[in-house]
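Reviewing the structure listed below.
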Amino acid sequence: MTVIGLGRMGQALAGALLKAGHPTTVWNRTASKADQLVAEGALPAPAVGDALKSSPLTIVCVTDYQAMYELLGTSDVELGGTTLVNLTSGTSAQAREAAQWAEQHDAHYLDGAIMAVPSAIGTADAVILHSGPQADFEAHKSTLDALGTVTHLGADHGLTSLYDVAGLAMMWSVLNAWLQGTALLRTAGVDAATYAPFAQQIAAGVAEWLPACAEQIDSGSFPAEVSALETDARAMAHLIEESEAAGVNAELPRLLKAMADRSIASGHGGEQYPVLIEEFGKPRGD
Ligand code: NAP
């Protein structure tokens, strides 16, 4: 197979393929970045078109979609019959557009998202998501397996980018909630390391609730089996009050309370927290 784009991530991808014993052709705009991989057994292609021609499967990993089009969208590059696996980060709209572009050039196209750092590539810890035709994924799964834990999400090419940002939303929300609590506790002389194990326990406990919350969302019914949204909103007021009194930033809890208040004003105060999905599902907060 071929790897185009040998930045931090592309080098890790090509390295994992070589380590798994796959003959690998490589190409990068700055040719010197291929040197180490060539020393490890990779075949350097003289031009991007040659790199594509040398294998039925080409992995592309460059800065953004614009860079991919600059590389592969020129008239002297032949894409017909190739399977492109694009592991460049982008949006779902860019992924769907790229799939149409590939189809117009008679290429098979899978979009991908890498939810890992370069050092994890080639291990089970590297979660790599793919979307596009199932048959194209199955045809190359045994090769892609060398990169990490690979999953096919569905035929819609936009799914990988959506899962990617959904995962980031989760990550930032957990980190931001922890930072809020840490900032508050530091005003009472509690350091971050002391609070971290308690926060870890809370985060893991809340994560356990997700399947039951999902059932409520998917059924559209939110009985207050554990607590009502108006109870949560009262506790949010305490968080805002504590933050303001301690001179800690209260923007985030105020935003959360504003969403809960809007939901309560719409008559959902007696329902359970996941009813807020209706607020999250709106384009703007009004
Ligand atoms: P990087 O180290 O900055 O490498 C960027 C690569 O893109 C280089 O190979 C560069 O070529 C190439 N490139 C950029 N513009 C180009 C153009 N106009 N024409 C040809 N080649 C061009 O970035 P990276 O960390 O490898 O990231 C690559 C992709 O992986 C990004 O979409 C990133 O979001 C994604 N990703 C990275 C990580 C991570 O932890 N690094 C994690 C998940 C996802 P030159 O070497 O010639 O400049």
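Every number for a ligand or one of its atoms is a count from 1 in the order of the listing.
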Exercise. Just let me know how Val62 lines up against ligand 1, side chain, backbone, both or neither, with a heavy-atom cut-off below 4.0 Å.
Key: both

Practice problem: State, with a plain yes or no, whether a side-chain heavy atom of Glu97 is found less than 4.5 Å away from one of Gln94. | Solution: no

Quiz item: Quick check: does any side chain N or O of Thr149 sit under 3.5 Å from a backbone N or O of Ala124, one acting as donor and the other as acceptor?
Solution: yes

Quiz item: Taking His105 for the side chain and Ala107 for the main chain, is one N or O donor matched with an acceptor at less than 3.5 Å?
Solution: no

Exercise. If you have a sec, work out which protein heavy atom is nearest atom 47 (O) of ligand 1 and how many Å separate them, to one decimal?
Key: Thr30 OG1, 2.5 Å

Quiz item: In terms of atom number and element, which parts of ligand 1 are under 4.0 angstrom from non-hydrogen atoms of Leu6?
Solution: 9 (O)

Quiz prompt | Atoms of ligand 1, numbered as shown, that sit under 4.0 Å from any heavy atom of Lys33 | solution = 45 (P), 46 (O), 48 (O)

Exercise. Pull out every atom of ligand 1 sitting under 4.0 Å from any heavy atom of Gly5, numbered as shown with elements.
Key: 9 (O)

Quiz item: Are any of the N/O atoms in Trp27 less than 3.5 Å from those in ligand 1?
Solution: no

Quiz prompt | Same apolar cluster (I L V M F W Y, side chains within < 4.5 Å links), Leu71/Leu84 | solution = yes

Quiz item: If you link I, L, V, M, F, W and Y whenever their side-chain heavy atoms are under 4.5 Å apart, who else ends up in the same group as Ile202?
Solution: Trp178, Leu179, Leu185, Val190, Tyr195, Phe198, Val206, Trp209

Quiz prompt | Option with minimal heavy-atom separation from atom 24 (P) of ligand 1, where the choices are Met9, Met68, Gln66 | solution = Met9

Self-check item: Proximal ligand 1 atoms for Gly7, defined as those under 4.0 Å from one of its heavy atoms
Solution: 2 (O), 4 (O), 8 (C), 9 (O), 26 (O)

Practice problem: Note the single closest protein heavy atom to atom 22 (C) of ligand 1, along with its residue, its atom name and the distance in Å. | Solution: Arg29 CZ, 3.8 Å

Exercise. Select one of side chain, backbone, both or neither to describe which atoms of Thr63 lie under 4.0 Å from any atom of ligand 1, heavy atoms only.
Key: both

Quiz item: Going by distance alone, is a donor N or O of one side chain under 3.5 Å from an acceptor N or O of the other, for Asn176 and Ser173?
Solution: no

Practice problem: May I ask you to say whether Asp111 pairs ionically with Arg96, meaning some side-chain N is under 4.0 Å from a carboxylate O? | Solution: no

Quiz item: Aromatic ring centroids of His157 and Tyr109 under 6.0 Å?
Solution: yes

Self-check item: Protein contact to atom 20 (C) of ligand 1 [nearest heavy atom, distance to 0.1 Å]
Solution: Leu71 CG, 3.5 Å

Self-check item: Gln216 and Ser221: side chain donor to acceptor below 3.5 Å
Solution: no

Quiz item: Which atoms of ligand 1 have any heavy atom of Thr88 under 4.0 Å away?
Solution: 32 (O)

Quiz item: Taking atom 36 (N) of ligand 1 as the point of reference, which of Ala12, Ser32, Ser89 owns the nearest heavy atom?
Solution: Ser89

Exercise. Check Pro197 against Thr194 and note the closest heavy-atom contact, atom names and distance.
Key: CD-O, 3.3 Å

Quiz prompt | Thr88 side chain vs Asn86 backbone, donor-acceptor pair below 3.5 Å | solution = no

Quiz item: Hey, which atoms in ligand 1 end up nearer than 4.0 Å to a heavy atom of Cys61?
Solution: 28 (C), 29 (C), 30 (O)

Quiz item: For ligand 1, which atoms have a heavy atom of Glu70 less than 4.0 angstrom away?
Solution: 18 (N)

Quiz item: Tell me, which protein residue and heavy-atom name are nearest atom 15 (N) of ligand 1, and how many Å apart are they?
Solution: Ala67 CB, 3.5 Å

Exercise. Please report which non-hydrogen protein atom sits nearest to atom 40 (O) of ligand 1, along with the residue it belongs to and the distance in Å to one decimal place.
Key: Pro118 CD, 3.2 Å

Quiz item: For ligand 1, which part of Arg8 has a heavy atom less than 4.0 Å away: the side chain, the backbone, both, or neither?
Solution: both

Quiz item: Ion pair present between Arg254 and Glu244, side-chain N to carboxylate O less than 4.0 angstrom?
Solution: yes

Self-check item: Closest protein heavy atom to atom 9 (O) of ligand 1, given as residue, atom name and distance to 0.1 Å
Solution: Asn28 OD1, 2.7 Å

Quiz item: Which of these passes side-chain hydrogen bond (donor to acceptor under 3.5 Å, both in side chains) with Glu138: Gln134, Lys141, His140?
Solution: Gln134

Quiz item: Going by the order shown, which atoms of ligand 1 are within less than 4.0 Å of some heavy atom of Ala116?
Solution: 42 (C), 43 (C)

Quiz item: What is the closest protein heavy atom to atom 43 (C) of ligand 1, and at what distance does it sit?
Solution: Ile114 O, 3.3 Å

